[in-house]
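Take a look at the structure below.
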Amino acid sequence: MAVVEAVNLGMVYPDGTRALKKVSFSVEDGESCAIIGPSGCGKTTLLFIFSGLLRPTEGCALIEGKEIVAPPKKAALILQNYGLFPWKTVIENVALGLQIRGMKAKDAKNTVKPILSKLGLEGFENHYPKQLSGGMQQRVAFARALAIKPKIMLMDEPFSSLDALSREKLQNFLLELWMKERLTMLLVTHSIEEAVFLGRQIVVLSPRPGKVVKIIENPMAGSVEYRNMEEYFEKCREVRKSVGATW
Amino acid sequence: MQGSEEKRWSYLVAGAVILAVWQVLAYFVESPALPPPYIVLHSFISQLNKIAVHMLISAYRVIYSILLALSLAIPIGLSCHEKSVDRFVAPFLYLLYPIPHIVLLPLIILLFGIGDLSKIALIGMIVFFQILVTTRDAARNVDSYYVYSLLSLGASKKDVYKHVVLPASLPKILTALRISVGTAIAVLFFAESFATTAGLGYLIMMAWSKADYVSLYAGIVAMALLGFSLYIALEAVEKRLCRWV
Ligand SMILES: Nc1ncnc2c1ncn2[C@@H]1O[C@H](COP(=O)(O)OP(=O)(O)OP(=O)(O)O)[C@@H](O)[C@H]1O
Ligand SMILES: [Mg+2]
């Protein structure tokens with residue numbers, strides 16, 4: 001069953017800017033999908049629609065077959081630039097989702113402690129985001145998303161402001177997480193390599209207004225070794241070609 | 001800790017410099033209207049009991065007014081984050097804020113009599129507008145990025161105020177508060193200079209009318225101390241609430 005589905009999705013902002021036009025695709029349960037497109041083509045807009053933060057002006061966005069009318073409880077969103085609150089400590093940021101879902105602040109903090117240590121953030125519970133490196137902030141954002149035990153992860157360029165080394169590490173982490181938990185992932189990126197490494201389906205968007213140029217199947221994705229395989233490079237070339245034709 | 005040690009020193013040095021300048025001025029002006037600091041200090045200590053009582057009354061008035069102003073200005077200002085509320089509040093603010101509120105004194109006395117209440121109302125009103133203007137600006141300018149980030153967690157409107165609008169606005173509110181403390185003390189002096197028999201303002205005016213300049217300066221020193229302690233208290237609050245800045 002399609003867990004995440006866009007049907008002829010279109011978005012025109014109140015000021016008349018058209019961000020998306022007739023976008024259709026669907027992601028099956030436990031699958032991963034990378035959305036790739038040039039800057040300003042409407043990728044964030046698309047994720048905001050799936051997070052229930054924006055209503056599309058045309059078509060509809062579905063989660064598990066139901067139209068999205070409010071932020072879906074099963075989905076966690078990781079925003080571009082992490083979306084952490086500078087006035088909350090690491091542990092407060094991570095526990096916030098549970099707290100909003102009705103858990104007492106203290107219980108929420110105890111609940112998320114194992115997640116923090118899993119992500120190597122032990123000892124930084126009481127730091128503020130700005131006291132952390134970019135890679136650590138990104139891990140806090142992951143911890144915050146994972147704390148609510150989501151079935152669906154929506155990610156907006158989660159690795160774009162990291163150095164190459166931390167990026168690769170976190171990509172591997174995400175891939176392993178996905179394989180273990182069988183999450184449904186929707187990942188927005190403007191990196192061809194990232195899309196091919198993480199997305200078993202790659203949706204290529206045109207420049208604004210974003211339209212689906214091509215949907216590329218990428219069934220080999222799903223293992224850390226893929227990065228060094230000939231098929232991976234071949235797939236990157238294929239994506240680059242369909243991207244190059246339009247960007 | 002080294003920072004606070006350094007800070008203590010810099011305060012001591014600044015205090016010493018002010019006293020030295022005062023002393024030098026007093027020496028050259030050579031007028032009873034500017035007694036040297038040690039004489040004032042002596043008078044301050046010998047009248048300490050009396051001064052302390054007046055100081056407490058003044059402190060009560062000014063702190064009460066500030067708390068009253070805050071308890072009204074912060075909720076109203078923060079709710080201006082909502083465009084529909086702001087559309088309603090903004091015209092009132094623009095029409096009422098530019099009035100020098102001190103001229104409303106006759107009205108305030110008419111409404112609240114000549115007791116403490118009218119003094120508190122006057123100071124409170126002036127501080128209220130200062131805090132309201134800043135809080136409203138801060139609440140309107142909260143980055144919607146943070147609001148979205150919170151809403152994506154399934155937050156309600158109440159959560160948005162609690163976890164985003166209030167904490168994001170707090171540093172600006174506290175800065176406004178610091179400026180307001182200065183204003184509040186100035187208005188306090190004005191409000192205590194008539195129709196009262198208590199407070200530092202009264203003490204200063206009495207000393208002035210009796211040409212008792214030494215007591216006059218003792219009163220001024222007490223007023224400065226009152227302002228200084230409010231600043232220190234405020235700084236402690238800021239350190240506690242805005243550690244992230
Ligand atoms: N609130 C808004 N009102 C009007 N136009 C908007 C709004 N938000 C975004 N846009 C416009 O919609 C288009 C798509 O924006 P969006 O942020 O979705 O792009 P993006 O693909 O995420 O870009 P980037 O890669 O730079 O993050 C852009 O042209 C942008 O200027
Ligand atoms: Mg974007």
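By convention in this document, chain letters (A, B, ...) are assigned in the order of the sequence lines, proteins followed by strands, and residues within each chain are numbered from 1. Remember, predicted model here, so these are calculated numbers, not experimental data.
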| request: Describe, in one word, how the ring planes of A/F85 and B/Y146 are oriented to each other, choosing from parallel (under 30°), tilted (30 to 60°) and perpendicular (over 60°). | output: tilted
| field | Engaged part of B/V147 at the chain A interface, taking heavy atoms whose separation is under 4.5 Å | value | neither
| message | Looking only at heavy atoms and a cut-off of under 4.5 Å, which of A/G52, A/P129, A/P86, A/S51 has the most pairs with chain B? | response | A/P86
| Can A/E122 and A/K113 be counted as an ion pair, charged N to O under 4.0 angstrom? | no
| Taking the inter-plane angle between the rings of B/Y97 and B/H101 on a 0 to 90° scale, is it parallel (under 30°), tilted (30 to 60°) or perpendicular (over 60°)? | tilted
| field | Pairs of heavy atoms under 4.5 Å with chain B: top-ranked of A/I100, A/L154, A/T89 | value | A/I100
| said: Please rank A/L77, A/I148, A/L54, A/L79 by heavy-atom pairs under 4.5 Å with chain B and give me the top one. | reply: A/L79
| field | Side chain, backbone, both or neither of A/I78 within contact of chain B (heavy atoms, under 4.5 Å) | value | neither
| message | Using the rule given for side-chain hydrogen bond (donor to acceptor under 3.5 Å, both in side chains), can you reason through B/Y11 versus B/E6, listing the C-alpha separation, both sets of side-chain angles and the distance that settles it, and then say yes or no? | response | CA-CA 9 Å; B/Y11 273 101; B/E6 226 167 77; over 6 Å; no
| query | Which bit of B/L241 comes within less than 4.5 Å of chain A, counting heavy atoms only: side chain, backbone, both or neither? | reply | neither
| Would the number of heavy atoms belonging to other residues, nucleotides or ligands and lying under 6.0 Å from CZ of A/F173 be above 12? | yes
| remark: Under 4.5 Å to a heavy atom of chain B? For A/Q80 that would be backbone
| said: Among residues at least two apart in sequence or on other chains, which ones pass ring-ring contact (aromatic ring centres under 6.0 Å, His included) with B/F112? | reply: none
| request: Using a cut-off of under 4.5 Å on heavy-atom pairs, state which of B/G154, B/S156, B/A168 scores highest against chain A. | output: B/A168
